[in-house]
Amino acid sequence: MQQKRNSTFIISVLCFGFAFLYVPIFYLIAYSFNSSKLVTVWGGFSTKWYGALLQNEQILEAALLSLRIAAISATFAVLFGTLAGLALARFRGFRGRTLFSGMITAPLVMPEVITGLSLLLLFISLEEFIGWPAGRGVSTITIAHITFSMAYVAVIIQGRLSGVDESLEEAATDLGAKPFRVLWDITLPIVSPAMISGWLLAFTMSLDDLVIASFVSGPGSSTLPMVIYSKVKLGVSPDINALATIIIGLVTVGVICAAVLMFRQENQRARDMQMAASE
Amino acid sequence: MSADTNMDTGLEMGKDAPLQSRGGLRQLGNRLQSQWKRLVIALPYLWLFIFFLVPFAIILKISLAEAIIARPPFTDLLEWTEGEFLPSIYVTLENFQYLLEDDLYWLSYLNSLKLATISTLLCLLVGYPMAYGIARSSQTMKNILLLLVILPFWTSFLLRVYAWMGILNTHGLLNNMLEVAWNIGMALGLTDAPFEPLQIMYTETALYIGIIYSYLPFMILPLYANLEKMDFQLHEAAQDLGSKPATVFLTVTLPLSMPGIIAGSLLVFIPATGEYVIPALLGEPDTLMIGRVLFDEFFVNRDWPVASSVAIALLVFLVVPMMVYQHFQSKAEVM
């Protein structure tokens, strides 16, 4: 294990890299407690920007709207994405598989402006031909978010399934279980941790999306990133720092909880395997 | 469980044919069971077909139309005249010709490609040693460092870009700190010139910082996934046989990590090419980037056909890297 030591060069790059990643985040947090109106001058500790944030109805409304869209789209993205990941990992050859896997990987790298424009044009054409969706708003943003985040969920599920070999499912089938039962009792429990992380990823990506939402939203349906963007475009403002701190706090707690849970589960599984092997 | 329900329906149907209908229902059930694969595929397939594939067909269609002042603001490709069986087709390549003739579009494509290429290389330069370091840490350290890479990725991208506005401003954090250092230097008699704040905000430098900052995790994660699986005994073997560390890196590590390098680079390069938010917030006000040109063409000039053809042209530029990515992705599937 002596070879496993990192050189000074590697360690210094790691330090520099993580500093680069975290200085802006600490900056946001520190200056959200700054009493000065000037975002760049330290004027003493204060929590007044949090108060100002709570009174800003525009931001609060947008935050609620964004949370709603994120919850709905993440749920549907997990549904479709799990099915897609299952199909990609477990069904070897079916007609149109290449197209299917292409449609799963393309949204991962597609520039947002293209996805946004293409969906907007689709919605406009649909409205013209079948009268739905009437105007654009929450529903069109939700559909757009489902479309790009289900691809991420599918990739996560596929990754999880390809790490587990099919012997359990085969054994259940050999013992006479019907495909639905195998899916419900064997496959779903295997992928459920991946479904949870997929949901969380889809949720945050929906909450984070600015470009696609700007394309497909309508009047009166401004999401949180759209409101933040229009504020930030005019320059830095301290209540946005307060908002950022709240978001960072929530995400940190969430990610750490998820990591601890997963870590424990992983350990539990390792222990179970050992027990099973020793018996 | 299913036998019970079969029984109930069988009884409902009358006592004469319970057996037969039970058999029928079971057959239906079996048929459903054998079709279930198709059901699993159909739902996501249909969704992606309608909301991902069809939209591209529509973009293509509109890029071949002419702009008019109407709702919607473009001409129909097909025109049905009375008494004729087939419609006449109006297709124009004018929009693409316009893209070729106007320098603005060429410059923004080239500028976007240049920006994306340099950002990718810089990300690789910082990300590779980081991924390598993480992959060679102890198990606990690995988990912590990975968590630290992923954490910023989960917080709002927009807010993290916004943070750089506060740092890089003329009177921002960086300049404030430099000024303090400068004043100390002045007090020590090292210099007597007054402090000049660095003009980084709204320049290309700020744009690079923003892009590298936002996309660095996308580079680190695939590289880490690749390096983590690498068998470091190979290195020991090479070293034992007398290779210098640099030689080992160039002849063993680097070639073996190629798939990770390619996946990470494409994950940075492709989205960076079409980036809109970072140049809008941190870059020069008139940075020519294709994402911005497309956005403005659609929302400011309201020229849908030209915006669509800009999108198609951008796709043509990106289709090769995308297919390479897809190729590596499906290769990873098999492994």
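- No side-chain heavy atom of V232(A) sits under 4.5 Å from any side-chain heavy atom of L158(B).
- For F298(B), the part lying under 4.5 angstrom from a heavy atom of chain A is the side chain only.
- For the set L224(A), I143(A), D209(A), V211(A), the count of heavy-atom pairs under 4.5 angstrom toward chain B peaks at I143(A).
- Contact annotation for M150(A): only side-chain heavy atoms (C-beta onward) come within less than 4.5 Å of a heavy atom of chain B.
- Heavy atoms of M205(A) lying under 4.5 Å from chain B are absent altogether.
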Item to check | Residue pair D239(A), K231(A): steps toward the side-chain contact (heavy atoms from CB on, under 4.5 Å) verdict | outcome: CA-CA 10 Å; D239(A) 49 347; K231(A) 250 182 108 87; 3.4 Å; yes

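- Top candidate by heavy-atom pairs under 4.5 Å with chain B, chosen from L99(A), T115(A), L108(A), is L99(A).
- Distance CH2/W304(B) to OG/S63(B): 14.0 Å, rounded to 0.5 Å.
- A distance of 10.5 Å separates OG1 in T170(B) from CG in N176(B), rounded to the nearest 0.5 Å.
- Ranked by non-hydrogen atom pairs under 4.5 Å with chain B, the options L117(A), L183(A), I247(A) are led by L117(A).
- Applying the side chain to side chain contact (heavy atoms under 4.5 Å, CB included) test to A116(B) and every residue at least two apart in sequence or in another chain returns F269(B), A272(B), T273(B).
- Both the backbone and the side chain of L119(A) come within less than 4.5 Å of a heavy atom of chain B.
- For a residue to count as touching a neighbouring chain, one of its non-hydrogen atoms must lie under 4.5 Å from one of that chain's; by this rule T147(A) touches chain B with backbone and side chain alike.
- Using a 4.5 Å cut-off between heavy atoms, F91(A) touches chain B through its side chain atoms alone.
- Considering only heavy-atom pairs separated by less than 4.5 Å from chain B, the leading option among P107(A), A89(A), G159(A) is P107(A).
- Both the backbone and the side chain of L121(A) come within contact range of chain B, with heavy atoms under 4.5 Å apart.
- Between F49(B) and Y45(B), the ring centre distance reaches or exceeds 6.0 Å.
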Solution key, residues 17-24 of chain A side-chain donor-acceptor pairs under 3.5 Å, sequence neighbours excluded:
from	atom 1	to	atom 2	distance (Å)
Y22(A)	OH	L148(B)	O	2.5

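- Listed options L207(A), L86(A), I146(A) were ranked by heavy-atom pairs under 4.5 angstrom with chain B; first place goes to I146(A).
- For a residue to count as touching a neighbouring chain, one of its non-hydrogen atoms must lie under 4.5 Å from one of that chain's; by this rule F148(A) does not touch chain B.
- Here I240(A) is the residue among I11(A), I104(A), I248(A), I240(A) with the most heavy-atom pairs under 4.5 Å with chain B.
- Using a 4.5 Å cut-off between heavy atoms, T252(A) touches chain B through backbone and side chain atoms alike.
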